[in-house]
Amino acid sequence: MVASEFPRRLYTKGFAPDKSIGYYSDDYRLVHALKSALQEDEWEEIYESPLGVFLKFHDLDFGWASRLVHHMLTFQIVCKQRYEIWSLIGTTPVRFSLHEFEEITGLNCGYVDDLALTDLALSDDTRAFWELMGVDAESGPSTIKIIEACSNCSSWSRDDRLRLGYLGIYAGFIVATRPGLSTNVNHARLVMDLEGFKEFPWGRIAFQHLIKSVKEKDLSKNIHIEGFVQALQVWVYYALPDFAAEFSEPLPNDIQPLLLAYKGSRGRKNAKANMLKQARIQCCVAKDLADMFPVWDDDEQDPDIVKIVNAIHDPHFKFSKNHWPLEGVLGAHIVKAEAGKRSLPSDESSRKRPCTTSTSAASFVGDERVGVVATMKAHFDQCFKSFSTKMLNGLGSCEKQIKLLTVKVESVERAVEELTTGSAKHTEEEVKDNVEPTQQQGGTGSKKHEGTCDVDFNAVALAKNAKARAAAQLVARATSARHQQLAATQKSPFLGNSTAKSIIPSSASHSGRIRGYDPFDQTGVKAKHTTLMNFLKSNPLHSCLIFINVQHMEAYINILRLRLSKHPEWFVSDRICFLNSMFATVWRRDYNDFKNSEPNADGSGKLLPPGAYSYYTGELPIYCQTKKTWAYDVDYLYSMLHIKEDHWVAIWVSFVTRHITIWDSHAGTKHASDAQIDEAVEPLAVMIPYLLQTCAPDDDKWRFPYTPFTHSRVPGTEIPQNIQSDDCGVYCFKYIECHALDLPFPLELCDKNIRKIREKMAAEIFDEIGARGHDKLDTTGLDVYDRKA
């Protein structure tokens, strides 16, 4: 066989887009609502039914790898068959069809004559049950309607609650469309016959919804796929078994079906390169040649795909790179002269350039258009012609600007040198004097460069250097790299500038993963503590560090933020964030303003605390900024609450489960009553989901309802307790640190060892972030909490 006999690549090699994929399936709100609504025996019955595989999959907390699936889809070759995808790994084609879906999920994928159930009538029982759910009789229930029904079904009959549970699986996993969209009413009505519903080939329905959604999507954009999209990720693991063994966190004992055999993985680097270097590849489920193509009433075989199947069954045939030309039907720019033709995406290395492909892959099936070589040659000729003119004009301007900036930098450096030696006191006039020679040396100043630069550098310099302190801070940030110190966002807000010390990795956590350090290890503490005590002796005005003090709470949370920024692999995940106490304090203070503010008609527009958006985007806290967005890049938050003006508790906020967990070292004695805990947590439980909804893109707002997060305080019998007083701050931090390191709360955390723990924490604060006492606290950035700011 020759290359012309096989279908072409969908994307020219090296020109595939690099986007992400979202999904609607496995909605945690739906599963939580169903489990709360059903009795234990009812849940168990559905769990052990053929459709219970979806609930078991949910319990895995499967790690979705969007880029992994996107890479596999961009590896596609052109396939005209409606219900198949073929992708090319190296030189080996791999298939995703109903056969592979059945192998992966274990669902019933059998053939039926009338899959759409067009003749299914509306019975009185069906009408009554639909009315019970609050759904129009001519529509299938949406995921949102099912969630709402779960809160009102306690008085329903057992069969009706079972029907609700099965409809939840149908809407949330099998169809898995937007939560507010109605499902197919004919398929939903099958639930009136519980036994018939369980025996129906739902695997075929699930695959049909998934493959149709994939085929119609434009892979050059960030997309959401309907259907049970996680099956595509397991398909990658099935096709690349060695890759799966290394990157999918496979579970032991060869669990069947394959859907339940992997934990999945998030955020793996170099996934594409690792996929392409695999030597062992399973191209498809082994079938006799006559049974290779699943039966569909509305599909026809693609002759080119038939050739691939015949080649796979030929024991003497071997695929080679000669069979797969690099040129695809998508993936190279068409010149402007051919604007009427579809334009194609740029090289993968230039991701920031706008991608001009706007047509779905399906519309390019069999498209044999203008050759890539000719079109790209014309494109480059046009580009280089315009580049040459612009470069010649621009170089002269650049030389002038470089000379101008060089003089200005020298001027500012002289000013800083005088400031650091204390030899001069600068004022606005002196700074201006330092800038004026630049105007003379640079010619006529900014006016001379009107044609090449719109920025008045002199005005900028005067604005930034109005005061000597501002000038010194500006240049200190600019020159910090030369002194090989930490970046500005990694420096402690406390006085001192010691570089963070590395922490030696040690043993494994209770989940088996390697952690970075033992938070109770005393190795090296004595030496650090001696250094601290020597400092205190030489500075008698500094008092001992007391962890009930707010500033020292901030100091230790900064240690955790620093360690996470430098070594995310030490922690349970890199999708966590440590927040300072100011976060909860300000949000509780401004909760009444939020409640009293008037919302818009759709519920939006209420007054959130100042700095809320900065927390959401990771701009706050300032120290070791994460720049990670809540619920997109961050799954969990850790922080602390100050209750009754004398007690600290730790909180763990989960965006995944929409729940806040409180660890209280005095939970056993109820130093803070349940009512006081509820009152303290309520502002966070209400305003966090409101912030998520407010900031989410319009397409994602359905994921973040205004519904408050739930919360619970862990009983005192389940966590170490502080029997004596005044040590709640220490316990608070060790709860947070142990949990973030994926460690159980150890026996070492007790009143007996509290002195050693305190000494270790104080020494680490002094040693790692350079804190020298609360009286030297740098309040830079705290004006974001001031209403006047």
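FYI, the numbering just counts along the sequence from 1.
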Under 3.5 Å, is there a donor-acceptor pair linking the side chains of Tyr83 and Asp298? yes

Close side-chain approach of Leu258 to Trp235, heavy-atom, < 4.5 Å: no

For the residue pair Trp86 and Glu84, confirm or rule out a side-chain donor-acceptor distance under 3.5 Å. yes

Geometric cation-pi criterion Arg204 and Trp296, 6.0 Å radius, 45° cone: yes

For Ser220 and Asp218, which I'm curious about, is there any donor-acceptor pair between the side chains at under 3.5 Å? yes

Could you tell me which non-hydrogen atom of Leu164 sits nearest to which non-hydrogen atom of Ala149, and how far apart they are? CD1-CB, 3.9 Å

After noting the C-alpha distance and the side-chain angles of Phe243 and Leu68, does the key distance pass the side-chain contact (heavy atoms from CB on, under 4.5 Å) rule? CA-CA 11 Å; Phe243 177 89; Leu68 183 67; 3.6 Å; yes

Report the C-alpha distance between Arg9 and Leu88 in whole Å, list the side-chain angles of each, state the deciding distance to 0.1 Å, and finish with yes or no for side-chain contact (heavy atoms from CB on, under 4.5 Å). CA-CA 8 Å; Arg9 299 172 188 264; Leu88 193 63; 3.7 Å; yes

Over all heavy atoms of both residues, which pair between Glu102 and Cys109 is shortest? Give the atoms and the distance, please. CB-SG, 3.6 Å

Heavy-atom closest pair, residues Ala239 and Met72: CB-CE, 4.2 Å

Of the non-hydrogen atoms in Arg127 and Ala137, which two are nearest, and what is the gap between them? NH1-CB, 4.1 Å

For atom CD of Gln256, decide whether the heavy atoms of other residues, nucleotides or ligands shown that lie under 6.0 angstrom number more than 12. yes

Check: Phe15 ring centre within less than 6.0 Å of Tyr11 ring centre: no

Name the orientation class of the two ring planes belonging to Phe207 and Phe96 (parallel below 30°, tilted from 30 to 60°, perpendicular beyond 60°). tilted

Quick check: do Cys150 and Leu34 have side-chain heavy atoms less than 4.5 Å from each other? yes

Would you call Lys628 and Asp633 a salt bridge, using N to O less than 4.0 angstrom? no

Output yes when Glu216 and Arg82 qualify as a salt bridge under the 4.0 Å nitrogen-oxygen rule, no when they do not. no

Met133 vs Lys145 side-chain heavy atoms within contact, under 4.5 Å: no

Phe200 vs His187 aromatic rings, parallel, tilted or perpendicular, using cut-offs 30° and 60°? tilted

Would the distance check show the side chain of Thr74 and the main-chain N or O of Ala16 forming a donor-acceptor pair, the cut-off being under 3.5 Å? no

Heavy-atom side-chain contact between Ile174 and Leu107 under 4.5 Å: no

Just do the salt bridge (charged side-chain N to carboxylate O under 4.0 Å, His left out) check on Arg67 and Asp18 with the steps written out, would you? CA-CA 8 Å; Arg67 295 294 175 87; Asp18 188 6; 3.2 Å; yes

Heavy atoms of Leu167 and Pro141 approach each other most closely as CD1-CG, 4.0 Å

Can a donor-acceptor pair be found, under 3.5 Å and without considering hydrogens, that links the side chain of Ser36 to the backbone of His32? yes

Find out whether the Lys NZ or Arg CZ of Arg703 is both under 6.0 angstrom from the six-membered ring centre of Tyr632 and within 45° of the ring's axis. yes

Going by atom types only, do Arg95 and Ser97 share a side-chain donor-acceptor pair under 3.5 Å? yes

Would you check if the side chain of Gln230 reaches a backbone N or O of Phe62 as a donor-acceptor pair within less than 3.5 Å? no

Are side-chain heavy atoms of Ile77 and Leu10 found at a separation under 4.5 Å? no

Would you mind checking if Asp304 and Lys80 are paired as a salt bridge, meaning a charged N to carboxylate O distance below 4.0 Å? no

Give me the ring orientation class for His71 and Phe75: parallel if the planes are under 30° apart, tilted from 30 to 60°, perpendicular past 60°. parallel

Would you say that Trp130 contacts Thr126 through its side chain, given a criterion of any heavy-atom pair below 4.5 Å between the two side chains? yes

Would you say the ring centers of Phe655 and Phe704 fall short of 6.0 Å from each other? no

Looking at Leu330, is its backbone amide N or carbonyl O close enough to the side chain of Thr12 to form a donor-acceptor pair, meaning the two atoms are under 3.5 Å apart? yes

Between Asp113 and Tyr111, is the side-chain contact (heavy atoms from CB on, under 4.5 Å) condition met? List the steps. CA-CA 7 Å; Asp113 291 331; Tyr111 173 80; 3.3 Å; yes

Shortest non-hydrogen contact between Gly90 and Leu276, atoms and distance: N-CD2, 4.1 Å

Once you measure the plane-to-plane angle for Phe197 and Tyr166, does it fall in the parallel (<30°), tilted (30-60°) or perpendicular (>60°) bin? tilted

Between Arg280 and Asp242, is the closest basic N to carboxylate O distance under 4.0 Å? yes

Strictly under 6.0 Å, is that where the ring centroids of His224 and Tyr24 end up? yes

Indicate yes or no: does Glu5 engage Lys307 in a salt bridge with an N to O separation below 4.0 Å. no

Val309/Met292 under side-chain contact (heavy atoms from CB on, under 4.5 Å): CA gap, chis, key distance, verdict: CA-CA 8 Å; Val309 172; Met292 278 296 292; 3.7 Å; yes

Paired with Phe293, the side-chain contact (heavy atoms from CB on, under 4.5 Å) test is passed by just one of Lys287, His99, Gln81, namely Gln81

In terms of side-chain geometry, is the basic nitrogen of Arg163 or Asp160 positioned less than 4.0 Å from the acidic oxygen of its partner? yes

Side chains of Val175 and Asn184: closer than 4.5 Å at any heavy-atom pair? no

From the options Phe228, Trp202, Phe54, select the one residue that forms a ring pair (Phe, Tyr, Trp, His ring centres under 6.0 Å) with Tyr170. Trp202

Close aromatic pair by centroid cut-off 6.0 Å: Phe57 and Phe173: no

